[in-house]
Amino acid sequence: MSRLLALLRRETALAWGGGGGPLVAVGFYAGVVTMLPLAIGPDLERLAGIAPAAAFVALALASLLSLERMFERDYEDGALDLLTLSPTPLEAVAAIKSIAQWIAAGAPLAIAAPIAAIALGASPQHAGLTFVTAALGGLAFAFVGGTGAALALGARRGALLTAVIVLPLFAPPVIFGAGALQAAANGLAWTSGLLLLAGYTLAAAALGPVAMAAACRNALS
Amino acid sequence: MSRLLALLRRETALAWGGGGGPLVAVGFYAGVVTMLPLAIGPDLERLAGIAPAAAFVALALASLLSLERMFERDYEDGALDLLTLSPTPLEAVAAIKSIAQWIAAGAPLAIAAPIAAIALGASPQHAGLTFVTAALGGLAFAFVGGTGAALALGARRGALLTAVIVLPLFAPPVIFGAGALQAAANGLAWTSGLLLLAGYTLAAAALGPVAMAAACRNALS
Amino acid sequence: MPPALAFLANPDRFMAFSRWAAPMFGILAVVLACAGLWLGFTAPEDYQQGDTVRIMFIHVPAAYMATFVYVCLAGASFLSLVFRHALADAAAKAAAPLGAVFTALALITGSLWGAPMWGTWWVWDARLTSVLVLFLFYLAYIALRGAIDDEARSARAGAILALVGAINLPVVKFSVDWWNSLHQGASVFRADGPTMSAVYLWPLGLMALAYTAAFGSLWLVRIRAEVWKKRAGAAALAAAVF
Amino acid sequence: MSLSALHIEALALRRGERLLFERLDLDLAAGEAVALTGANGSGKTSLLRAIAGLIRPEAGAIRFGGAGPDDARAEHLHLLGHQDGLKPHRLARDELAFQAAWAGGARLDAAIDRLALAPLLDLEVRRLSAGQRRRLALARLIAAPRPLWLLDEPMAPLDAAWRARFGEVMAEHLAGGGLILAAVHDPLPIPARDLELAA
Amino acid sequence: MSLSALHIEALALRRGERLLFERLDLDLAAGEAVALTGANGSGKTSLLRAIAGLIRPEAGAIRFGGAGPDDARAEHLHLLGHQDGLKPHRLARDELAFQAAWAGGARLDAAIDRLALAPLLDLEVRRLSAGQRRRLALARLIAAPRPLWLLDEPMAPLDAAWRARFGEVMAEHLAGGGLILAAVHDPLPIPARDLELAA
Ligand code: HEM
Ligand SMILES: Nc1ncnc2c1ncn2[C@@H]1O[C@H](COP(=O)(O)OP(=O)(O)OP(=O)(O)O)[C@@H](O)[C@H]1O
Ligand SMILES: Nc1ncnc2c1ncn2[C@@H]1O[C@H](COP(=O)(O)OP(=O)(O)OP(=O)(O)O)[C@@H](O)[C@H]1O
Ligand SMILES: [Mg+2]
Ligand SMILES: [Mg+2]
């Protein structure tokens with residue numbers, strides 16, 4: 001138990017990136033969210049229309065940005081060797097890494113998401129839904145993204161290869177999550193979207209660690 | 001001269017990421033461009049409205065994703081030491097790194113940009129303008145992004161800190177570039193936007209290398 | 001392993017089998033394609049779509065092959081992961097670019113068809129989007145394989161990705177359907193009423209078989225090439241002095 | 001310490017297309033040290049990694065006395081490689097605490113004491129000199145007692161005084177029933193059998 | 001070779017809050033080698049980096065005979081540190097070609113030959129053993145002849161045979177009028193003066 005806690009603490013610190021922590025994550029998010037209206041121009045109606053979607057895409061991209069650190073550093077500097085030499089199965093390590101990723105990036109971003117959406121002109125009455133969706137979506141992004149990051153290990157690649165692997169896997173949560181938000185904004189039923197998102201997240205949390213562990217073992221061998 | 005060529009070759013290869021090359025870059029781009037309509041929904045008119053802007057923001061994010069590799073690896077593995085011990089001034093090294101970044105990511109993305117914009121529903125008649133804007137914008141992103149990457153060196157940070165430094169600097173090219181595209185789409189005058197973008201790119205190319213070299217020397221000392 | 005696969009799992013038997021099977025499939029594909037195209041081009045024009053309806057004979061089989069090849073890729077990947085069999089991996093590696101080509105063909109012909117029919121090259125409708133994601137998956141697989149030098153590790157990483165994709169692709173398909181049903185956009189073009197009379201169904205069926213045979217032939221050829229590449233590599237290494 | 005021996009039988013290792021060695025045998029009992037020597041590229045590091053279960057042998061068997069292979073690898077051995085897994089931008093204190101906790105170690109203070117790490121704890125790992133960094137990496141051997149030590153050139157960056165002191169640490173470990181397999185280019189400062197890998 | 005000497009006068013170096021050493025003097029003439037010794041953390045690496053101009057001295061002067069400091073650092077010295085600047089995922093061939101070209105070296109074939117790198121060129125750097133990787137890093141010394149070699153524990157990962165051969169390479173360099181300053185924990189295989197940094 002204390003071993004898992006120590007790992008969680010380390011992984012969170014590494015994912016957090018030392019410096020600004022959530023401030024940095026949220027700053028990035030805010031940057032993306034401001035850039036879109038800058039690019040589109042200040043047409044209020046158009047902005048409000050895409051606000052929840054844009055917030056969600058920004059969340060996905062922010063998750064993407066932090067993926068590279070999940071396994072690659074540990075792989076190159078030998079820490080992944082240590083992580084395998086322990087009673088804790090590699091699957092649990094992978095799960096904790098994903099959760100730490102979420103704590104450092106997903107959770108602060110989920111808190112920022114409703115604010116960003118409102119800033120882009122979405123109605124405040126769905127703030128709660130936005131938060132829940134972003135939190136769930138972030139968790140899915142962390143597990144799915146980790147799988148991509150682990151697969152890209154040992155490849156002569158770059159962050160871009162991870163991104164290419166991960167983006168198709170990000171499609172369903174984006175559709176479910178942004179779809180639910182979009183539906184809520186249009187006064188339609190959004191529960192099914194949320195449920196599907198929860199289902200995908202659950203499945204990702206169950207299968208992701210297995211794939212990550214297999215990919216890591218493969219990269220080390 | 002052969003020294004600069006060798007550096008350009010190495011940097012391009014490193015930025016390129018070995019494997020898939022432009023395929024990977026373009027695949028990422030395609031992924032980002034796909035995600036937006038997934039989130040927004042298939043409303044053609046709405047999509048067409050944001051198409052050029054989205055393509056441009058995707059370009060900015062793709063540039064952002066590859067920044068971390070520009071200096072950090074060289075810093076941590078000692079290659080930056082070597083790069084300073086040469087008759088070539090560090091400013092030239094920084095400029096070449098930025099250009100390599102553009103060759104590996106910016107140029108293929110500039111070629112993909114018109115295609116992506118058209119896929120999102122923009123009118124094909126502005127494909128040429130989209131290409132020029134994306135190419136210029138990509139160059140600006142490379143120089144500005146490199147500056148952010150160099151400044152973040154040695155900070156206990158993460159890709160996110162680079163992003164936070166860089167995003168405000170990315171705002172002007174996004175505004176000018178996407179603004180020109182938007183103006184062209186609405187049948188307005190777009191030359192001023194393009195000129196401003198070109199001016200910003202020029203300024204970035206002139207000042208960026210100096211800032212990068214100073215930041216690198218500082219990180220090493 | 002099923003007996004047929006177990007039989008082919010031996011590289012020598014596989015090489016002997018594919019040596020004549022590949023050209024046979026190739027000839028079959030040409031014959032079927034000729035028949036299909038003949039029937040297709042002599043079929044009457046569609047009263048709505050006119051001549052453009054003939055794109056269907058290129059497009060629909062390509063779209064069907066896009067998924068079929070992925071099933072082959074995932075199956076081969078599973079075998080390669082479980083049995084660590086080099087031939088299964090060669091099969092997976094060989095299938096991916098073919099699948100990407102079929103998918104690209106479906107996308108391109110669909111777009112070409114869409115321009116006259118829908119007045120646009122592309123809409124974000126459920127089917128189109130899921131095909132695009134499928135295409136991205138192929139690209140991801142190819143990029144991953146290309147980026148890992150070590151054969152064994154490249155094989156396992158690719159296999160894991162292919163299997164992850166096999167789980168994800170139905171979800172993508174299902175999710176875009178769900179998403180589309182929410183926003184009834186201007187994209188329900190799937191009016192397959194008169195399109196599917198027997199005059200169209202026959203050439204379509206023949207073309208589908210032709211595509212399948214062509215895939216079979218190309219797949220075998222590419223697997224053979226992989227096997228040769230491996231043998232050549234081993235020979236060169238044996239010759240080199242360390 | 002529930003690991004009483006290491007048995008390697010007819011081991012063959014392959015890296016890429018190259019067969020590193022075949023039919024390697026080794027028996028290591030409690031209290032024994034073996035110095036693994038051999039030319040560069042002869043497979044010392046690969047052998048240590050194979051024992052740790054990180055690479056799969058081409059042929060042959062690796063067995064542990066007193067524990068199953070999974071157990072032994074999870075709880076009864078330390079692998080200290082060329083790469084020490086320390087993050088350059090983290091504080092030495094944090095890295096040490098994690099590595100010790102992860103290995104299940106409770107003797108953190110003893111390790112800090114023994115390796116004189118106290119003045120280094122507040123520095124970032126990247127500021128440490130090569131020898132200081134190695135001492136930090138060695139700390140988990142002491143903080144989390146495990147019987148089998150697989151060491152890859154453990155003393156190269158240490159100065160003469162620290163080589164001697166680490167020799168004492170190894171001698172104590174052997175005296176307590178430990179097992180040491182160390183890949184080295186210079187002789188070990190403790191009595192040890194030699195196993196030479198032919199290139 | 002247009003660098004005839006290295007003069008260090010009353011040098012003081014500070015890292016963070018710590019003053020590493022003060023009033024250090026050293027004169028190194030063409031054809032001479034100095035073995036820089038001292039305890040871990042005494043400042044050997046820091047001194048080499050200061051000579052290469054990467055860190056700024058607290059006090060004192062570093063001068064080169066026959067060239068200005070900028071010139072000397074740009075063209076007349078090699079620094080080979082703990083960190084070799086090789087990218088793990090690139091092919092050895094590519095890394096070698098770049099490092100040699102960057103140092104302005106035309107004698108790539110001689111380096112490959114002398115260090116027996118030919119069979120390694122098609123491997124990724126991360127697959128190389130520690131000693132092989134060091135040989136790859138040493139190659140630029142031969143590929144791009146420069147008079148002053150600043151070496152930081154150059155031979156630690158090399159096996160006995162390669163230590164001897166690299167000793168020959170160093171001896172030749174000195175015979176050709178080169179200068180060597182090498183931080184070491186073990187004696188150098190060539191005649192060398194000793195400079196010990198007190199901790
Ligand atoms: C890029 C655009 C397009 C894509 C990606 C696409 C994709 C697909 C896919 C995946 C299928 C299912 C094949 C199977 O059964 O496995 C299909 C079938 C079909 N497509 Fe397309 N399609 C596109 C454009 C079009 C257009 C423009 C038309 C005609 C107006 C069209 C007409 C059909 C028909 C008639 C079928 C077969 C019958 C059916 O399943 O309803 N497609 N297409
Ligand atoms: N994928 C690969 N393909 C071919 N050869 C490989 C591959 N991976 C490793 N090798 C080779 O396997 C050998 C194993 O090296 P290993 O690191 O085990 O040697 P070592 O005895 O530890 O050497 P050193 O004393 O230099 O540390 C090296 O010759 C290396 O080049
Ligand atoms: N920012 C800093 N703050 C405090 N101390 C520092 C800082 N940076 C480096 N040091 C210290 O400066 C000293 C310089 O170490 P240096 O690497 O020069 O030693 P070295 O003689 O090469 O040792 P080794 O033999 O272990 O390689 C070390 O004690 C290190 O801890
Ligand atoms: Mg080794
Ligand atoms: Mg040192």
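Every chain is numbered from 1, with letters handed out A, B, ... down the list of sequences. Being a predicted model, the structure only gives us computed values, none of them experimental.
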Would you say that more than 12 heavy atoms from the other residues, nucleotides or ligands in this model lie under 6.0 Å from the CZ of D:R193, or not? yes
So, for E:A156 and D:A156, which heavy atoms are closest and what is the spacing to 0.1 Å? CB-CB, 4.1 Å
Output the option from E:D186, E:T45, E:T37, E:L120 having the highest count of non-hydrogen pairs under 4.5 Å with chain D. E:D186
What part of D:D152 gets within 4.5 angstrom of chain E, counting heavy atoms only: side chain, backbone, both, or neither? neither
Any salt bridge between E:D159 and D:K44, counting N to O under 4.0 Å? no
With heavy-atom distances below 4.5 Å as the criterion, would you say the side chains of E:H185 and D:M155 are in contact? no
Less than 4.5 Å to any heavy atom of chain E: does that hold for the side chain of D:L128, its backbone, both, or neither? neither
Top residue by heavy-atom pair count (under 4.5 Å) with chain D, among E:H82, E:R127, E:R134, E:R135? E:H82
Atom of D:P157, atom of E:E153 and distance for their closest heavy-atom approach: CA-OE1, 3.7 Å
Would you give the length of the straight line joining atom CZ of E:R163 to atom CG of D:N40, rounded to the nearest 0.5 angstrom? 9.0 Å
